[in-house]
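All values reported here derive from a predicted model rather than from experimental measurement.
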Amino acid sequence: MYQFSGKLKILALAFIILGLIGTVVSFMNAPKTLKEAKAIIAKQEASHHGHGGSHGESKSHGEDAGHKTKVHKEEKHEEAKPHATDSHENEHSNDAHSKEEDLHAKEKLSKHVKEHVIGSHGNETVANHADHDSKALVNETNEEHVKHVNDSVHAKETVTAHANHLVGEHGEETVKEHSAHAYEEAHHAEDTRLTDSLNGHITEKAHTNPVKKGHHESDAHHDADHHAKHVFHQMQNRPWSALYVSLLFFLGISLLIMAFYAAQRVAHAGWSVVLFRVMEALTANIHYISIAMLLFIVATVMHKNHLFPWMAEGVFNPLSENYDPIVDGKSWWMNVPGWAMRSVFYLLVWNVFRFIIRRKSIKQDNGDMKLHKNIYNICVGFIFLFMITESMMSWDWIMGIDPHWFSTLFGWYVLATFLVSALTVICLVTIYLRTKGHLPLVNDSHIHDLTKFMFGFSVFWTYLWFAQFMLIWYADMPEETTYFLQRFNEYKLPFIGMVVMNFLFPVLLLINSDFKTIPWVIAIAGVFILGGHYVDLFVMIMPGTVGAQWGFGLGEISGFLLFLGIFIYGTFNAFAKANPVPKGNPFLHESETHHYYIIEHRGEDNAHH
């Protein structure tokens, strides 16, 4: 029998204590009031404007610089406008004395400018100006609006006449250069004129109607407060989100180990029997982590966090300013009572099946074949309910964070993420216990099979990731692309990095058959796989809960250490309570003699094979 070593127990407890302390500190550091959040936002903006920063700040700084350059160019065009107008008025009388060939060139260029310069830019500018006026100045009279449109049309005629003058002055000389110059000048002159006209009109309206000016200022202040409140909720969500990512990561791993174990039972697999006690010990964490998940569900229902935007007040009320018609259309599924009851049902099903299967498996050591058949039937029922509850869990606990977005492939994608991680954990724990001499019947062939599963399902995860991403990218539907757009813009490094960690490194390290039995190679591959899939889950959850306020800090590290400590303690404590060898299983001998002759067996006696 295995004895849970004191050193390992102390390590697990140390992780739990450090994780708890760090988590408490991360919650205490979160802003408590909107005033604190506004101070943090001001500090972030000051840092952003001062010297840039991470998460796209450099890009924003470049956009600000580009905007200043554009404004400077518009000012220069504004200064040059009166001179261009005077020159046009003084020289326009000379157009009557041009030659016939110049007139022909003028008509040709004038037609070209009207079609390409005015048609593509002037009309768009006028339309945009009219649309902007109609939205920004709701109470403006129809006569004032028509006047502005006529002014814009007059600008078009001025640009056309100026283009004609250019031809009359220079004749056939470098017609293409004058056309390009007229194109650029028309574009800037029209934009500048309309901008000045609109600004002047708004200023005039503000002077004539100071009440409306105050109303606009009030709206701007309201928008700023709304944005600050939104960021405030994101800052408060960060410690919750950090804890939630680790909670789901370890719960998902434990659940998928249980599913893999049940699949081995149902398939009557012979090779994996000597690994059953390892898998049963790992699934013990379902009980411990389910308690933490239950507490999280209670806190969420009590609105202690804002991770799920569809739970906000007024989302389903058409009379509320927070009303969301898209989410309201899904209210038959997205409602707090239904979400809470389904969540409790998932946990109840998983815990009951794990408890029953584990108890009967230990009893089977006496060789009772009826128990073997009974466990088989129970595992069939578990797999059936697992496939339903896992998909629904991924919708409720992960996809519900982005309630406007959906993917029919999402349940399979989450399954692949947790399954690869589960197989990796089984392999790493098996190697550890084997090196300590606690798994005498496990040989390199068993490790080889586990690493083949790690390699194969890493490729399967990549297939699902690419299929989901490629189809959404190709369809280019806004309600779908917004999901990846936010992640690629604000989470570019983890988004791209997790693809490399979850596909490139496993393929390079495990594609060679000989490498599949070398412990240190498997350990390196396992670290990359687990780290990559933690980041994968991180990228699923964080954008919808904290937005641009993300990072890998105290909260994230503490949450991971907390559940890692629980995972270590629960696993080895359960492993110490049963015989490492399932003696009553009828396929034990087949597993004991499992052997590949095409691989090199290092440091083991193969005479019995």
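Judged by the 6.0 Å distance and 45° axis criteria, K516 is positioned over the aromatic ring of F455. In this structure, R342 forms no cation-pi arrangement with W397, as its terminal cationic atom is not both closer than 6.0 Å to the ring centre and no more than 45° off the ring axis.
With a 6.0 Å radius and a threshold of 12 heavy atoms from other residues, nucleotides or ligands, W333 has its CH2 atom above the threshold. Residue K32 qualifies as enclosed at atom NZ: its count of foreign heavy atoms under 6.0 Å is above 12. Within a 6.0 Å radius of CH2 in W412, no more than 12 heavy atoms belonging to other residues, nucleotides or ligands are found. Residue K304 qualifies as open at atom NZ: its count of foreign heavy atoms under 6.0 Å is 12 or below. Atom CE of M470 is surrounded by more than 12 heavy atoms from other residues, nucleotides or ligands within 6.0 Å.
Judged purely by distance below 3.5 Å, without hydrogens or angles, the side chains of R238 and T545 never pair a donor atom with an acceptor atom. A side-chain donor-acceptor contact under 3.5 Å links T389 and W350. Counted by atom type alone, Y346 and D396 present one or more donor-acceptor pairs between their side chains at under 3.5 Å. Side-chain contact, W465 with D536: no donor N or O sits under 3.5 Å from an acceptor N or O. The closest side-chain donor-acceptor pair between T571 and N285 falls under 3.5 angstrom. Using modelled atom types, one finds no donor on one side chain facing an acceptor on the other under 3.5 Å when comparing S272 with H594. A donor-acceptor contact under 3.5 angstrom links the side chains of H446 and N443, judged on distance only. Between the side chains of N351 and H287, at least one donor-acceptor pair of N or O atoms lies under 3.5 Å. A donor atom on one side chain and an acceptor atom on the other are not found under 3.5 Å apart for H404 and E479.
Taking the six-membered ring for Trp and the full ring otherwise, the centers of W550 and Y491 sit less than 6.0 Å from each other. Annotation: F503 is not in aromatic contact with W461 [ring centroid separation under 6.0 Å not met]. Checked against a 6.0 Å centroid threshold, the rings of Y463 and Y413 do not count as neighbours. For an aromatic pair to be called close, the ring centres must be under 6.0 Å apart, and F250 with F560 satisfies this. Annotation: W240 is in aromatic contact with F27 [ring centroid separation under 6.0 Å]. A ring-centre distance under 6.0 Å is found for F538 and F552. Taking the six-membered ring wherever Trp is involved, the centroid distance between the rings of Y569 and F4 falls below 6.0 Å.
Between the CE atom of M498 and the CE atom of M501 there is a distance of 11.0 Å, given to the nearest 0.5 Å. How far CG of L243 is from CG of L307: 10.0 Å, rounded to the nearest 0.5 Å. Atom CG of residue N305 and atom OG of residue S241 lie 8.0 Å apart, to the nearest 0.5 angstrom. Separating the CE atom in M542 from the CG atom in N237 is a distance of 9.5 Å, to the nearest 0.5 Å. Rounded to the nearest 0.5 Å, atoms CZ (F406) and CH2 (W395) are 12.5 Å apart. Annotation: the span from I398 atom CD1 to T417 atom OG1 amounts to 8.0 Å, rounded to 0.5 Å.
Partner L248 forms a side chain to side chain contact (heavy atoms under 4.5 Å, CB included) with one of I289, I541, I253 and no other, that one being I541. Residue M293 is tested with V298, L247, V344 for a side chain to side chain contact (heavy atoms under 4.5 Å, CB included); the sole match is L247.
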Step-by-step salt bridge (Lys or Arg N to Asp or Glu O under 4.0 Å) determination, R354 to E280: CA-CA 8 Å; R354 193 271 166 186; E280 289 173 7; over 6 Å; no
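Ion pair D402/R487 flagged as a salt bridge, since at least one NZ, NE, NH1 or NH2 atom sits closer than 4.0 Å to an Asp/Glu carboxylate oxygen. The pair D444-R434 counts as a salt bridge, with a side-chain nitrogen and a carboxylate oxygen less than 4.0 angstrom apart.
Scored by the salt bridge (charged side-chain N to carboxylate O under 4.0 Å, His left out) test, D365 finds R277 as partners (sequence neighbours excluded).
Using the six-membered ring where Trp is involved, F453 and F457 have ring planes that are parallel, under 30° apart on the 30 and 60° scheme.
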